[in-house]
Amino acid sequence: MIGHIDKEINSFLLSLVDGSNKEKINTIIEKYSISITETLNNGHITTNVCMVAASILKLNSAELALKLVEKLKLLNLFEAVEAADPGFINVTLHRKDFVSIINSINDIKERYGESDIGNGKKIQIEFVSANPTGPLHVGHGRGAAYGDAIGRILKATGFIVQKEYYINDAGRQIDILTASVILKIISSEISEYFPQNAYKGEYINEIGKNFIKKTKASYQNLESVLDVQKLYLGSKDDDEKEIDAVISSLKDLNIDLWDSVKKFSVKEIVDSIENDLRKFNVSFDNWFRESSLGNINDNSSIIASSINKLKRDGHAYEKDNAIWLNTEISGDDKHRVLVRDDRRPTYFASDVAYHKDKIDRGFDTLINIWGADHHGYIKRIEASIEALGSKKEKMIVKLVQFANLYKNGKKVKMSTRSGDFFTLENLIDEIGSDASRFYYLSKQADQHLDFDLDLAQSDSKENIFYYIQYAHARIYSLIDKYNKNVDIKSLNLSSIEKNSYNQCDDLIHEISKYPDVVTKASNTLQPHLIIFYLRDLSQLLHSYYNDNHVLSESNENIEAIISCLSSVGVVISNGLNLLGITPIKKM
RNA sequence: GCGCCUGUAGCUCAGCUGGAUAGAGCAACUGCCUUCUAAGCAGUGGGUCAGGAGUUCGAAUCUCUUCAGGCGCGCCA
C-alpha cells in the first residue's frame, strides 16, 4: 500500500512544478517520510510530504494537503484519506488490507522484516579482535554482542556480510606473553623470578603446564636448553626495560624454545577465545592474522609494499631515522610514525597495511568496531586509506563504550594485568548467553552501560529480557492449549476481518511497524531499536492477554485470534533472532 | 589547550536524517489471581527536555554559545 501512495506522491509532486525545478523535487523526495502511524488515531499510514514540499517550494502546506487528498481518494484504494493540521495526510486502509498483514507474516514467517535495501553491497565487520594474550573479559563481550547483532541485521536487510577477527599475533604484547609462559615453566622448577610487567593470570600457568605435557620429549630438561643464570641481564629499575631485556635474552638463549612456546601459547589462547565466543553464539567467517602481513624487510610482504607505496606517492617520508606518514589529509593534528628509528614497524603500520588489504579484498564498506578509548585513532587510519588512494568513507568506525558490571549493588572490579578479572565466560556461566547479549544490546553501543547482574536474573517486570520472553512463551503455550497440531495458515480470519472482533487491532498495528524498525536498525547500526520495539510489542501482548480470555471466545473468534497471536509470536521471535537470542516457548 | 561522547520525571533510560498532547520501567500511592503462565494487567501523581540565543509553518531533535560530567590526545598496543 505504501508503494501505491509513494507512486501517487511522485506524480503529484511533478505536477506542482515545471521542468526547471526537478532538483527541488528530488530534495523533497529525499526528505519526506511515509510510514505506519504512531497511533491508530491518525489512521494507518501517514506522510509529511506536503509540509516538506510547502517549505521547499514556498507554498501553503494545508492547500497542498487538500489537493493530494483528492488525488489519493480517486485511487479508490482506501477507506479514508484525510488531511490534518498543519499538512499531514493520514490514510485509513480498508479493514481487509489492514488485517492482511497477519496472513503475510504467518506465510513468510522468519523472513518477515527482511528487505533488500542493502542491494547486495559487500560489507565487512571487524570486531572483538582482542589481543590473544588472555581470556576475553566483559568489555570484549559488548563488542562481540554488538558486532554479531549488526552482522545479522545487515544480512537480513540485503547486505553481503563478512565477520572478521583480527588476531594481533605479532608484536611486543605477544613477546611478553611468550616470556611470561616460559618464565612460569622455569619458575615452577628452578626459580621464583617473575618480572613486574609479565602476565600473571592463572591461565599463564595452565598454558605452561600444557606445553610441558605436550612437548616433554623435546624439552625434557629445561636447564639444558636454557641457561637461566643469564636471564638477569634486565634492569630491574624500569619495568618496561626489564621485560624487554628478559624477552631479548630468552630469544638469544634458545630461539627454538622461544618460537615453539610462542606458537603454542597463541594457539591455546585463540582456541579459548573462539570457544568463549561460540558459547556466546558469536561466529566469525574469517580470522585474520597480523603475522600474515609479513615482515617489513621482505619487500613482497603486504606491510612493506604498503609503506613503499606511501613513500612512492609522497605521503610517507623519512625523518630522524624513522618513517612518518603525513596524516593531515584527514585533519589529524600531527604526523604519525610508521617505522621506528630502530626499523621496527609500529602497531599503526600493521593497521595501515591491514586496512589496505581489507580494501583490496573488494568490500564496499568496512565497519570497524573499536573500544571507545581508540577514537583518537580514527583520523590517522582514515588518512592512510586516503593516502593509499581509496575513500575514507569506505570505513565506518563504531565505538563501543565500556560496560560496568554491578553485583549486589556494587561495581565489579576489573583489571587485566593482575590476572584477577571477571571474564566473558564467567558472565555467560552466571546469567547465560541470551540474557548477556540482551543487556549488552539494550543501550546504544557508544554510551556507558551499567550492567546489573542481579537485575538480569530477577523475576520482575523490570527485567525486560524475561518480560519479552514471557510474552513469546505465553503465545506458544496458548496455541498449544488450543491445539498442539494446529495448522495456523488454515485458520479463518474472518471475524477480525469483518470487524466483529477488534480487540487485537493495536497488536496488528504494532506488528505492521516491524519492517520499518529493522530497516532503521540497519541504516543506523543500532540493534537497541529492536529491543525497545520488542518491549512495546510485548507490553501490548500482555495487556491484551489480561483483558481477554481467548479460549472462552466463539470458535470463529478463537481461530482469528490464534492466527493473529501467532503472527505476533513470529515477530518477537524474528526480532530476538536478529539479536542472536533464542526465543523461549516455555518459562 | 585540542578532539570525541554525554546532560530528558526522584532513579535507569527511550525518543535525535526536525513533525501531531515528550514516552517506558523502577520507586510512591490505588485496584485486579475460583478462568488460557501474576516473571502479568489497569489507574493516579511526577518534566523550565542543563542554561541562553538563532534557523523554521513546526526544535528534545539542527546551528552558535555558556555550564557540568566522561574519555582520548606515545617512535604503547
Side-chain angles (χ1 to χ4, degrees), chain A residues 30-33 37-39 41-42 46-48 50-52 54-55 60-62 84-88 90 131 133 168 170-174 176 240 290 319-324 331-334 336-351 371-379 399 401-402 442-444 446-450 452 455 458-471 473-482 520 523-524 528-529 531-533 535-536 538-539 541-553 558 561-562 565 586-587:
Chain A
E30 239 167 70
K31 284 185 76 176
Y32 87 87
S33 69
T37 53
E38 205 48 52
T39 78
N41 300 333
N42 294 331
T46 186
T47 176
N48 63 355
C50 295
M51 275 125 47
V52 174
S55 99
N60 181 301
S61 61
D85 281 337
F88 286 105
N90 295 328
N131 282 347
T133 53
N168 294 104
R172 185 158 173 269
Q173 294 305 317
I174 295 300
I176 296 177
E240 296 291 327
E290 181 184 3
K319 192 183 117 194
D320 304 334
N321 293 322
I323 300 176
W324 297 72
D332 198 13
D333 51 358
K334 53 188 141 187
R336 307 289 171 173
V337 170
L338 288 164
V339 182
R340 300 178 178 92
D341 55 11
D342 61 5
R343 308 321 281 176
R344 290 179 336 190
T346 59
Y347 176 86
F348 176 51
S350 294
D351 248 7
D373 52 333
H374 286 69
H375 73 79
Y377 204 71
I378 298 173
K379 282 192 171 159
L399 298 175
Q401 269 292 359
F402 298 114
S442 65
K443 211 180 152 180
Q444 286 191 47
D446 62 352
Q447 290 178 32
H448 287 280
L449 173 74
D450 288 333
D452 186 337
L455 171 64
S458 79
D459 288 356
S460 71
K461 181 176 182 176
E462 202 182 347
N463 185 347
I464 316 169
F465 172 66
Y466 279 109
Y467 184 76
I468 293 168
Q469 292 282 23
Y470 187 33
R474 272 184 150 171
I475 291 169
Y476 282 92
S477 104
L478 188 59
I479 293 174
D480 263 7
K481 204 145 249 169
Y482 168 66
K520 194 168 181 191
N523 285 335
T524 60
H528 78 280
L529 296 177
I531 287 193
F532 283 94
Y533 168 78
R535 195 206 48 199
D536 291 345
S538 301
Q539 144 118 61
L541 185 278
H542 287 305
S543 175
Y544 171 82
Y545 188 93
N546 260 270
D547 293 347
N548 301 278
H549 195 262
V550 176
L551 297 181
S552 38
E553 290 285 340
I558 293 180
I561 295 165
I562 292 287
L565 295 188
K586 258 204 174 79
M587 297 292 281

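All values reported here derive from a predicted model rather than from experimental measurement. Heavy atoms only: backbone and side chains are in, while hydrogens, waters and symmetry mates are out. In what follows, chains are A, B, ... by sequence order, proteins preceding strands, each numbered from 1.
What separates CG of A:Asn168 from P of B:C76 is a distance of 15 Å, to the nearest Å. Whole-Å rounding puts the A:Tyr470 OH to B:C36 P distance at 10 Å. Regarding A:His374, its NE2 atom lies at a distance of 14 Å from the P atom of B:G74, rounded to whole Å. A:Asp547 places its CG atom 7 Å from the P atom of B:A42, with the value rounded to the nearest Å. Distance, A:Arg172 CZ to B:C75 P: 14 Å, rounded to whole Å. Look at CG on A:Leu455: it is 12 Å from P on B:C13, rounded to the nearest Å. Atom OH of A:Tyr544 and atom C1' of B:G40 are 16 Å apart (whole Å). Between A:Asn131 atom CG and B:C76 atom P the separation is 15 Å, expressed in whole Å.
Residues that satisfy the salt bridge (charged side-chain N to carboxylate O under 4.0 Å, His left out) test with A:Arg340, not counting sequence neighbours, are absent from this structure. In this structure, A:Arg474 has no salt bridge (charged side-chain N to carboxylate O under 4.0 Å, His left out) partners at least two apart in sequence or on a different chain. Under the rule for a side-chain contact (heavy atoms from CB on, under 4.5 Å), the partners of A:Ala473 that lie at least two apart in sequence or sit in another chain are A:Met587. Take A:Ser55 and apply the side-chain contact (heavy atoms from CB on, under 4.5 Å) test, not counting sequence neighbours, and it matches no residue. With sequence neighbours excluded, the residues that form a ring pair (Phe, Tyr, Trp, His ring centres under 6.0 Å) with A:Tyr476 are A:His472. Applying the side-chain contact (heavy atoms from CB on, under 4.5 Å) criterion to A:Phe532, with sequence neighbours excluded, gives A:His528, A:Arg535. Residues meeting the side-chain contact (heavy atoms from CB on, under 4.5 Å) test with A:Thr133, sequence neighbours left out: A:Asn131, A:Gln173, A:Ile174, A:Leu177, A:Tyr199. With sequence neighbours excluded, no residue satisfies ring pair (Phe, Tyr, Trp, His ring centres under 6.0 Å) with A:His375.
A:His448 comes within contact range of the sugar-phosphate backbone alone, with a heavy-atom separation under 4.0 Å but no base atom that close. The residue A:Tyr482 sits apart from the nucleic acid: no heavy atom pair falls under 4.0 Å. Here A:Leu338 lies out of heavy-atom contact (under 4.0 Å) with every strand. A:Tyr377 comes within contact range of at least one nucleobase, with a heavy-atom separation under 4.0 Å. At a threshold of 4.0 angstrom between heavy atoms, the contacts of A:Asp341 include nucleobase atoms, whether or not backbone atoms are also involved. Residue contacts shown for A:Asp332 are absent, as no nucleic acid heavy atom lies under 4.0 Å away. Note on A:Ser61: nothing from the nucleic acid sits closer than 4.0 angstrom, heavy atoms only.
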| query | Just by protein heavy atoms under 4.0 Å, how would nucleotides 2-8 of chain B read 5' to 3' in B, S and -? | reply | -BSSS--
| request: For each nucleotide in nucleotides 28-35 of chain B, reading 5' to 3', give B when a protein heavy atom comes within less than 4.0 Å of its base, S when such contact involves only the sugar-phosphate, and - otherwise. | output: -------B
| note | With sugar-phosphate taken as primed atoms, P, OP1 and OP2 and all else as base, the protein-contact string of nucleotides 17-27 of chain B at under 4.0 Å (heavy atoms; B, S, -) is --BB---SSS-
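A donor-acceptor distance shorter than 3.5 angstrom exists from the side chain of A:Asn463 to the backbone of A:Leu455, with no hydrogens or angles considered.
For B:C41, one of the phosphate oxygens OP1 or OP2 lies less than 4.0 angstrom from a side-chain nitrogen or oxygen of A:Tyr467. Contact check, A:His528 against B:C13: no side-chain N or O comes under 4.0 Å of OP1 or OP2. The phosphate of B:A77 has OP1 or OP2 within less than 4.0 Å of a side-chain N or O from A:Arg340. Dashed line: the shortest gap from a side-chain N or O of A:Thr346 to OP1 or OP2 of B:C75 is not under 4.0 Å.
Annotated as syn: B:C33, whose O4'-C1'-N torsion sits within 90° of 0.
Here the closest non-hydrogen pair linking A:Asp333 and A:Arg336 is OD1-NH2, 3.1 Å. The minimum heavy-atom distance linking A:Ile558 with A:Leu551 is given by the pair CD1-O, 3.7 Å.
By the 6.0 Å contact criterion, CD on A:Gln447 is enclosed, its count of non-hydrogen atoms from other residues, nucleotides or ligands being greater than 12.
With P as the reference atom, B:A42 and B:U61 are 31 Å apart, rounded to whole Å. Atom C1' of B:U17 sits at a distance of 15 Å from the matching atom of B:A59, rounded to the whole Å.
The residue among A:Gly376 and A:Leu449 whose nearest nucleotide of RNA chain B lies closer to the 5′ end is A:Leu449. Two residues, A:Ser442 and A:Lys334, neighbour RNA chain B, and the one matched to the more 5' nucleotide by heavy-atom proximity is A:Ser442.
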| Reading RNA chain B 5' to 3', what string of ( ), [ ], | and . shows its pairs, if Watson-Crick and G-U wobble pairs count only when both distances fall under 3.5 Å? | (((((((..((((.....[...)))).(((((.......))))).....(((((..]....))))))))))))....
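Taking the six-membered ring where the residue is Trp, A:Tyr347 and A:Tyr377 present tilted rings, their angle falling between 30° and 60°.
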